[in-house]
Amino acid sequence: MRIHCRFGLLNGWAWFNRWAFFVNQPLVRSIREIVAFVLLITFSVSLFAASPAVVRGSKGVVASRSALASEVGVEIMKAGGNAFDAAVAVGFALAVTYPSAGNLGGGGFMLGYTEKGQKFALDFREKAPALAHKDMFLDESGEVVSGLSTKSHLAVGVPGSVAGLLAVLEKYGSLSPQQVIAPAIALAEQGFALNYDIARQFEKKLPAMAHYPASVEKFSNKGESYQAGEIWKQPYLAKTLKRIADQGVAGFYQGPTADLLVAEMQRGGGIISKQDLRDYEVVWRSPIEGEYRGYQLLGMPPPSSGGVLVQQILNAIEPYDVRGMKWGSAELIHLMVEAQRRAFADRAEHLGDADFYPVPVQRLIAKSYARKRFTDFDPQKASDSEVISPGKTAPQESVETTHYSVMDHFGNAVSVTTTLNLGYGNKVVVEGAGFLLNNEMDDFSAKPGTPNAYGLLGSEANAIKAGKRMLSSMSPTIVIKEGKPYLVTGSPGGSTIINTTLQVLVNVIDHQMPLNDAVALPRFHHQWKPNQIKFERYGISVDAQRKLRAMKHQELIQLGGTMGDANSVMNSEGVLMGMSDPRNQGGAAAY
Ligand code: DON
């Protein structure tokens, strides 16, 4: 059953929303909450529905990791909002319906392209608190203390999501915070039926939350695991969302929410202060602008490495006949892996928060640089990444970050990746405020040469410093074709984000695949160090594996799990198509 045709009953709600757009009185608001409840009951009916197929519409489309959140976005557009209003509403809804990565206590990046052709990159990445310092995760002998940057209150960066979503609403949206947050409040307050996917996630994460009573209270049914089909309510989160709806940024960064967050810090030995929260600011940045085979590409600049690396890898492979090599051939995998290897080596050396360190962005994304960097490419033979440093573990595939994509018929396009870093962040729910905290501090390089949770290495460019933003791999991307948004994509997956995004782009642009195949087909990943090609099941044929080994690619690792979650949307000659990644139980919606 397609999600976009399951909500015929909701026309009344959409009509109501349009009306409330003009009359946003308290009475109207309470009636809206009742209507939202009806809407939730309808949502519950869709408990086991996932949407592996492309959805189509002509007015608006959303693809995300949560069918409920995608539907919220479409309803907002039906109620008169544009793609930016929808993206903000989806962001808040994901904080309720997809708590592993949708968040209030984390951060992210948004790329936007407006109907007037304006382009922006909004950085709402977490920041290191004022008391953070370079060696904060090292012991007295200078060694990294295991788990400190991921499983403690010190792991938390100052959250940016609320400031980010509200900033874009103010600048590019047309609705009020109350209007776009109302669906999230209703979902938190009235609850929704957990699907199997989310109920399983809770069950798996509960042991790691055992030390934190507020986390256990939120994610279990009085200590017992939730089962699929049970209604899950989040009363404290609903209250926090209401404070944000009523007071805007101050509803999170000041007053009771800030008090609760700082009290949580003090309880657990964290260092985020009220001043850190007050001082948090989003940064409007210029997107990385590149070009690939005549398509214009917008990517996220530092503190993400995503935009730079995707462009670098595309530059490296552009001179080759990618389409002619054929999808899945050893020849093409080799070409792409060698491009990935070189780009990730550059990442470790050159990338960090450009506000604190001189990142040579323009040099790295220049076509001439790619040509020079690729002169030692041998089409017959793998090059050699140096011997791996300690912690040579494969990045664990997991569900911690989330990407969603939105387009409307006005010509607006929004690409958002948001995260708590590892699954359910540091597992700490702020007592009384109902939201999880991130463990984004692990994305800094705690010590040069010591890999982080994704096996990524870093240097001075990504060292910890007060107020600095940690380097990211998140790669929200917008492709422009003949002056109009054509494809919006991106993914979670730590270091694999870059290569997942890259493969969706190459599948669409080079292989000319339809969106569903471009998103669904298996992926592979190389990140320079460790010197391994990781691939999804069925991702590299036995024949191609044999050929790659003959080229001296020694370690080919088939993943037990999947790679990425590239919820993408496309405008194909006026048809708005949405595809939620079939690897997971997300959903797309369109109208
Ligand atoms: O910003 C980054 O690169 C990481 N914090 C992203 C984490 C992530 O994608 C985890 N998801 N699977």
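Atoms within each ligand, like the ligands themselves, are counted from 1 in listed order.
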task: With heavy atoms under 4.0 Å as the rule, classify the contact between Glu440 and ligand 1 as side chain, backbone, both or neither.
output: side chain
message: Does this structure show an ion pair linking Glu440 with Arg469, if we count only N-O contacts that are shorter than 4.0 Å?
response: no
query: Which atoms from ligand 1 have a heavy atom of Ile497 less than 4.0 Å away?
result: 9 (O)
message: So if I count the atoms of ligand 1 from 1 in the order they appear, which ones are less than 4.0 Å from some heavy atom of Ser473?
response: 1 (O), 2 (C), 3 (O)
query: Looking only at side chains, do Tyr212 and Glu431 share a donor and an acceptor under 3.5 Å apart?
result: no
- request: For Asp443, take its heavy atoms, then give the atoms of ligand 1 lying under 4.0 Å from any of them.
  value: 1 (O), 2 (C), 3 (O), 4 (C), 5 (N)
message: Ring-plane angle category for Phe344 and His525, please: parallel below 30°, perpendicular beyond 60°, tilted otherwise.
response: perpendicular
task: Applying side-chain hydrogen bond (donor to acceptor under 3.5 Å, both in side chains), name anything that partners Gln340, two or more places apart in sequence or on another chain.
output: Asn499
- prompt: Is Asp346 salt-bridged to Arg341, cutoff N-O under 4.0 Å?
  reply: no
query: Quick one: which ligand 1 atoms are inside 4.0 Å of a heavy atom on Met474?
result: 1 (O), 3 (O)
message: Out of all atoms in ligand 1, which are within 4.0 Å of some heavy atom of Thr401? Include the element for each.
response: 6 (C), 7 (C), 8 (C), 9 (O), 10 (C), 11 (N), 12 (N)
query: So, is Tyr454 polar-close to ligand 1, with some N/O to N/O distance under 3.5 Å?
result: no
- prompt: Between Ser161 and Asn103, does any side-chain donor sit less than 3.5 Å from a side-chain acceptor?
  reply: yes
query: Would you say Gly494 has any N or O atom under 3.5 Å from an N or O of ligand 1, going by distance alone?
result: yes
message: Is there a polar contact, in the sense of an N or O pair closer than 3.5 Å, between Gly493 and ligand 1?
response: yes
- prompt: Atoms of ligand 1 less than 4.0 Å from Asn421 heavy atoms?
  reply: 4 (C), 5 (N), 7 (C), 10 (C)
- prompt: Quick one: do the Ser473 and Arg347 side chains pair a donor with an acceptor below 3.5 Å?
  reply: yes
- prompt: Arg125 near ligand 1, heavy-atom distance under 4.0 Å?
  reply: yes
message: I'd like to know if the side chain of Asn462 pairs up with that of Ser445 as donor and acceptor (distance under 3.5 Å, no hydrogens or angles considered).
response: no
